Chemist: 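Following this message is one structure expressed as structure tokens.
Predicted model only: the values in this text are computed from it and were never measured. Side chains are part of it too, since the values below use all heavy atoms of this structure and drop only hydrogens, waters and symmetry mates.
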2 protein chains.
Amino acid sequence: MKKQTNGPDHADCTAAPQLQRALRVLSGKWKGEILWQLVGGKRRFGELRRAIPDVTQHMLTTQLRDLENEGLVKRTVFPEVPPRVEYEMTPAARDLRPVFDELSRWANAHGRLEPASPVADDDADGRRAGSSDRPAR
Amino acid sequence: MKKQTNGPDHADCTAAPQLQRALRVLSGKWKGEILWQLVGGKRRFGELRRAIPDVTQHMLTTQLRDLENEGLVKRTVFPEVPPRVEYEMTPAARDLRPVFDELSRWANAHGRLEPASPVADDDADGRRAGSSDRPAR
DNA sequence: CGGTATCCAGAACGATACTG
DNA sequence: CAGTATCGTTCTGGATACCG
């Protein structure tokens, strides 16, 4: 007797462990940025650094490496001098684009999440939670 | 051969700061899980704990609070005894569902990212990067 | 130019104990 | 039942220095 208007396939018993991992993939502070940059095509290390000035070599390398290990970016290093390395998205990362797209749309719509719910709160029971003053985290 | 088929609005010059933030919203270790559970409707604290056994009260509370501050969940506390608190998604969170859906689909398709690309890697330049054996992270 | 190694600060996480 | 408080641990991110 399901009454909670269960939607698609999400179960109330077990969430998707894969989903968790997928979320984890993009959790890095710069992963999103990097991936986003990579959407525009191949990029060299220096290019990425210029594109994302706030990131350090260490972080860029780390995150890039992480993404590589996750099979989201392909690294092509040319053993020549001066050294040149190019990064590009893998098919898997490309399949990830719709996610980015949706997320981007959402971020655009709710760019500024507001503390107050835009809809009428249904205090069916008639008493409001005393959401007193909570020292914003 | 179109260069990556530029889609929506992603620019190669400036990534979306909002996107970054949006990604950050789901970065918590349990945020995804919690939100996923909440899709099924209202949930009590204990229910969430039962649904996600690996999470501690502390974490559940923290993440839940975080989500609340971000305007993604609404907390309804009934000042009665025994205490009862129900959590539910806000419209904003509901709008986030497509993202979850896409992410879920992606996670399902690439559930197990394999080291070897299922497609032929285009080493156009002809030389493979000596991605010898790297001691996994 | 591209990358690694070491050190370090801070946040995130987790376990336990205690309160209303 | 729901939540807070404190502690310690792990992880992440950043600065500097050095190597190919």
Chemist: Would you tabulate the pairs of protein nitrogen or oxygen atoms and nucleotide nitrogen or oxygen atoms of nucleotides 13-17 of chain D closer than 3.5 angstrom?
Modeler:
residue	atom	partner	partner atom	Å
D/dG13	OP1	A/K29	N	2.6
D/dG13	OP2	A/Q63	NE2	2.7
D/dG14	OP1	A/K29	NZ	3.1
D/dG14	OP2	A/W30	NE1	2.9
D/dG14	N7	A/H58	ND1	3.3

Chemist: Return a table of donor-acceptor pairs under 3.5 angstrom between the side chains of residues 46-53 of chain A and protein atoms on other chains or two or more places apart.
Modeler:
residue	atom	partner	partner atom	Å
A/E47	OE1	A/R44	N	3.0

Chemist: Go through the structure and list residues passing side chain to side chain donor-acceptor pair (under 3.5 Å) with B/Q63, not counting sequence neighbours.
Modeler: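 Listed in chain order: nothing, the list is empty.
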Chemist: Take the C1' atoms of the five end pairs on each side of the helix from C/dC1-D/dG20 to C/dG20-D/dC1, get both axes, and report the angle to 10 degrees.
Modeler: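 Result, rounded to 10 degrees: 40°.
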Chemist: Can you tell me if the side-chain N/O atoms of A/R44 get under 4.0 Å from OP1 or OP2 in C/dC1?
Modeler: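 No, A/R44 has no side-chain N/O under 4.0 Å of OP1/OP2 on C/dC1.
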Chemist: Nearest-Å distance, CG (A/L64) to P (C/dG3)?
Modeler: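 The distance from CG of A/L64 to P of C/dG3 comes to 7 Å, rounded to the nearest Å.
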Chemist: Kindly write out the residues that satisfy side chain to side chain contact (heavy atoms under 4.5 Å, CB included) with A/T56, not counting sequence neighbours, or none if the list is empty.
Modeler: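 Here the qualifying residues are A/H58, A/M59.
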Chemist: Starting from C1' on D/dC1, measure out to CZ on B/R50 and report it in whole angstrom.
Modeler: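 These atoms are roughly 12 Å apart.
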Chemist: Which heavy atom of B/A93 sits nearest to which heavy atom of B/L72, and what is that distance?
Modeler: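 Looking at all heavy atoms of both residues, the closest pair is CB-O, 3.1 Å.
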Chemist: Among the candidates C/dC1, D/dA2, C/dT4, find the nucleotide nearest to the side-chain atoms of B/F45.
Modeler: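 Comparing C/dC1, D/dA2, C/dT4 against the side chain of B/F45, the answer is D/dA2.
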Chemist: Backbone N or O of B/S27 within a donor-acceptor pair of the A/S27 side chain at under 3.5 Å?
Modeler: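 No; judged by distance alone, with no hydrogens or angles, the pair does not exist.
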Chemist: Taking CZ from A/R65 and C1' from C/dA5, how many angstroms apart are they, rounded to a whole number?
Modeler: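 After rounding, the reported distance stands at 13 Å.
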Chemist: Return the value, rounded to whole Å, for the distance between atom CD of A/E68 and atom C1' of C/dG2.
Modeler: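 It works out to 14 Å between those atoms.
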Chemist: May I ask you to evaluate whether A/R49 reaches the phosphate of C/dC1, defined as a side-chain N or O under 4.0 Å from OP1 or OP2?
Modeler: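 It does not, given that no N or O in the side chain of A/R49 lies less than 4.0 Å from OP1 or OP2 of C/dC1.
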Chemist: OP1 or OP2 of D/dA2 sitting under 4.0 Å from any side-chain N/O of B/R75?
Modeler: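 Looking at the OP1 and OP2 atoms of D/dA2, neither is under 4.0 Å from any side-chain N or O of B/R75.
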Chemist: From NZ of A/K31 over to P of D/dC11, roughly how many Å is that when rounded to an integer?
Modeler: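 Answer to the nearest Å: 14 Å.
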Chemist: Atom CG of B/L48 to atom C1' of D/dC1: distance rounded to whole Å?
Modeler: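 About 13 Å, once rounded to whole Å.
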Chemist: Is it true that a side-chain atom of B/W106 and a backbone atom of A/A92 form a donor plus acceptor pair closer than 3.5 Å?
Modeler: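 Checked: pair present.
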Chemist: Can you run down the ring pair (Phe, Tyr, Trp, His ring centres under 6.0 Å) pairs that involve residues 79-101 of chain B, sequence neighbours left out, and say none if there aren't any?
Modeler: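 Counting only pairs at least two positions apart or across chains, the ring pair (Phe, Tyr, Trp, His ring centres under 6.0 Å) contacts touching residues 79-101 of chain B are B/W36-B/F100.
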Chemist: Looking at residues at least two apart in the chain, or sitting in another chain, which of them share a side chain to side chain donor-acceptor pair (under 3.5 Å) with B/R94?
Modeler: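 For B/R94, no residue satisfies side chain to side chain donor-acceptor pair (under 3.5 Å) once neighbours in sequence are set aside.
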Chemist: Name all residues meeting the salt bridge (charged side-chain N to carboxylate O under 4.0 Å, His left out) criterion together with A/R84; count only those two or more places apart in sequence or in a different chain, and write none if there are none.
Modeler: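 Checked A/R84 against salt bridge (charged side-chain N to carboxylate O under 4.0 Å, His left out); matches are A/E80, A/E86.
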Chemist: Measure the distance from CG on A/L67 to P on C/dG3 and round it to the nearest whole Å.
Modeler: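 So the two atoms are 14 Å apart, to the nearest Å.
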Chemist: Tell me: CG of A/D66 to P of C/dT4, nearest whole Å?
Modeler: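 The distance from CG of A/D66 to P of C/dT4 comes to 13 Å, rounded to the nearest Å.
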Chemist: Taking the side chain of B/T61 as its heavy atoms from C-beta onward, which of D/dA2, C/dG3, D/dG3 lies nearest to it?
Modeler: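 Nearest to the side chain of B/T61 among the choices is D/dG3.
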